[in-house]
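Notes for the one structure printed next.
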There are 2 protein chains.
Amino acid sequence: MNASRTARERVRAELIKEITDIARRQLATEGAAGLSLRAIAREMGMVSSAIYRYFPSRDDLLTALIIDGYNALGEAVEHADAACARDDFTGRWLAVCRAVRKWALAHPHEYALLYGSPVPGYAAPQDTVAPAVRDTVVYGRIVADAYRAGRLTPPPVSPPPPAVLAEDAEVVRAVIPGVPDDVVTRAIIAWTGLFGMVSFEVFGQFNNTITHRAELFEHNMTCLARLLGLPEGVDPREQNRRA
Amino acid sequence: MNASRTARERVRAELIKEITDIARRQLATEGAAGLSLRAIAREMGMVSSAIYRYFPSRDDLLTALIIDGYNALGEAVEHADAACARDDFTGRWLAVCRAVRKWALAHPHEYALLYGSPVPGYAAPQDTVAPAVRDTVVYGRIVADAYRAGRLTPPPVSPPPPAVLAEDAEVVRAVIPGVPDDVVTRAIIAWTGLFGMVSFEVFGQFNNTITHRAELFEHNMTCLARLLGLPEGVDPREQNRRA
DNA sequence: AGCGATTAGAGAGCACTGCTCTTGACGCGG
DNA sequence: CCGCGTCAAGAGCAGTGCTCTCTAATCGCT
């Protein structure tokens, strides 16, 4: 509760941080499967069993890293969005896209942990759901803002979503409040398209094929913006400013 | 070379098949990280070291599974495409989408192996590239066929791709022959959008959010078809026939 | 200040993994 | 029919996650 707890608790918090830091570094170099509690203990000059005082199991350490990852990505996305003019909705969308891609390329293994194959017997505990949607919340706000401002014009020939999707749309509106069903489905397309693109690049599907990945990404996200119904870049120079 | 090789070679081929079969089953239940050579040997009544006569390392076994996976998915996609009328390009695209989704949901761990996080220290050897693009080849043929038939009408407001992408488009045209650059980029959007959608579903990103996943998928793939420039379903009953 | 309770680390140990090496047996082709 | 090559077996190495017990340090409280 109060600011400076007992000395034990402070050193404990510090050790937890040191463990996760080393773990994150191991993750970056070896990948999730190479994460070894014993190696962490070795690097800290501890004995392996001592780690279990701080993380009851390897999966718990992994969960901590996942939560940290979601928060790091969410924070990057929040910052990217915050740096844009509030009414430049296309710019905000593109900024979010670039932030996701940049973070994913900088932390491929962490990205894999969040958006790649779920780890073996591991089921994400409930604590992860809140951080997991930080980026999505930002995205939802952009879409909702654009819609409220009347700047979300549906593309000419967009088929109406089937009626059954109405209930799902109701749930999705928790992050994209106040938009009709067809905007919800188009928003999902753009969002999954973003992560499909990033995953292809990070996971190596573009190897030996696509070389100008940044340009392709930029162009495709612009196309997805158009599909979403976002207006053409109000001021192209505005977009190039943060490249 | 000739049909019935020596008895030794035949039993060897059979053992290799048995190993991969058990491995595939292990993969399905435990995931890639739970794949254990010793467990396979145990199940076969062998001693663990004997496995190494057939697969020099765990990664080699994994590679075999990956190649098999790509081939299985590619085959499913090929069959789905082959079952469609050749000039029903939208139907062929949707059939491919459904085939990918169906296979991925039926074999989530194998799908994760192919399109999820790359495994730890493992680098895909050259033997995987040919099977890896079987599905993409089918997709490319559909796009190329549709374009050649003049049934690929670009959506009204699609921005032209930047000039630098021309060289990449040249490479991509190996699987989508004879189409202009803007078709190439739109094809990539649709393709990554498909896998983004499937990955979100298979990897659990839709948990607690989307319940009518088949309907959402169907609708979104239709939207992507429209973005690609494919015509509206020539005959809706034709599409419903294979659900 | 000191005492009892709590917590941290050390170490041994279990069951498991991938992988290597040697040994002995078996089958196939010259 | 005999020797070469292949094969299973077993022991063993280094590593893993995790549990248990034991000791020592620290904390809260009287």
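Chain A is the first sequence line, chain B the second, and so forth, proteins listed ahead of strands; every chain is numbered from 1. Below, each value reflects all heavy atoms present in this structure, side chains not excepted, and no hydrogens, waters or symmetry copies.
If you check D:dT19, C:dC19, C:dT17 against the side chain of B:Tyr52, the one that comes closest is C:dC19. Relative to the side chain of B:Arg38, the nucleotides D:dG17, C:dC19, C:dG9 differ in distance, and C:dC19 lies closest. For A:Ser49, the listed nucleotide lying nearest its side chain is C:dA12; candidates were C:dC16, C:dA12, D:dG17. Residue A:Ala50 places its side chain closer to C:dG9 than to any other of C:dT17, C:dG9, D:dC18.
Judged by distance alone, with hydrogens and angles left aside, A:Arg53 brings a side-chain donor or acceptor within reach of the base of C:dG9, the pair sitting under 3.5 Å.
By the 4.0 Å N-to-carboxylate-O rule, B:Arg173 lies close enough to B:Glu170 to be salt-bridged with it. The residues B:Asp21 and B:Arg25 are annotated as not salt-bridged, no charged nitrogen and carboxylate oxygen being separated by less than 4.0 angstrom.
Within 4.0 Å (heavy atoms only), B:Ser48 reaches at least one base atom of the nucleic acid. As judged by a 4.0 angstrom heavy-atom cut-off over every strand, A:Ile51 is placed among residues making no nucleic acid contact. If you check every strand for non-hydrogen atoms under 4.0 Å, A:Ile40 touches nothing. Contacts of A:Tyr54 with the nucleic acid, taken as non-hydrogen atoms under 4.0 Å apart, involve only primed sugar atoms and P, OP1 or OP2. Nucleic acid contact class of B:Leu15 (heavy atoms, under 4.0 Å, all strands): sugar-phosphate only.
Distance CZ (B:Arg42) to P (C:dA15): 13 Å, rounded to an integer number of Å.
Distances shown here put every side-chain N or O of B:Arg58 at or beyond 4.0 Å from the OP1 or OP2 atom of C:dC19.
Aromatic pair B:Tyr111/B:Trp103: centroids not less than 6.0 angstrom apart.
Rounding to the nearest 0.5 Å places CD of A:Glu110 at 8.0 Å from CG of A:Asp68.
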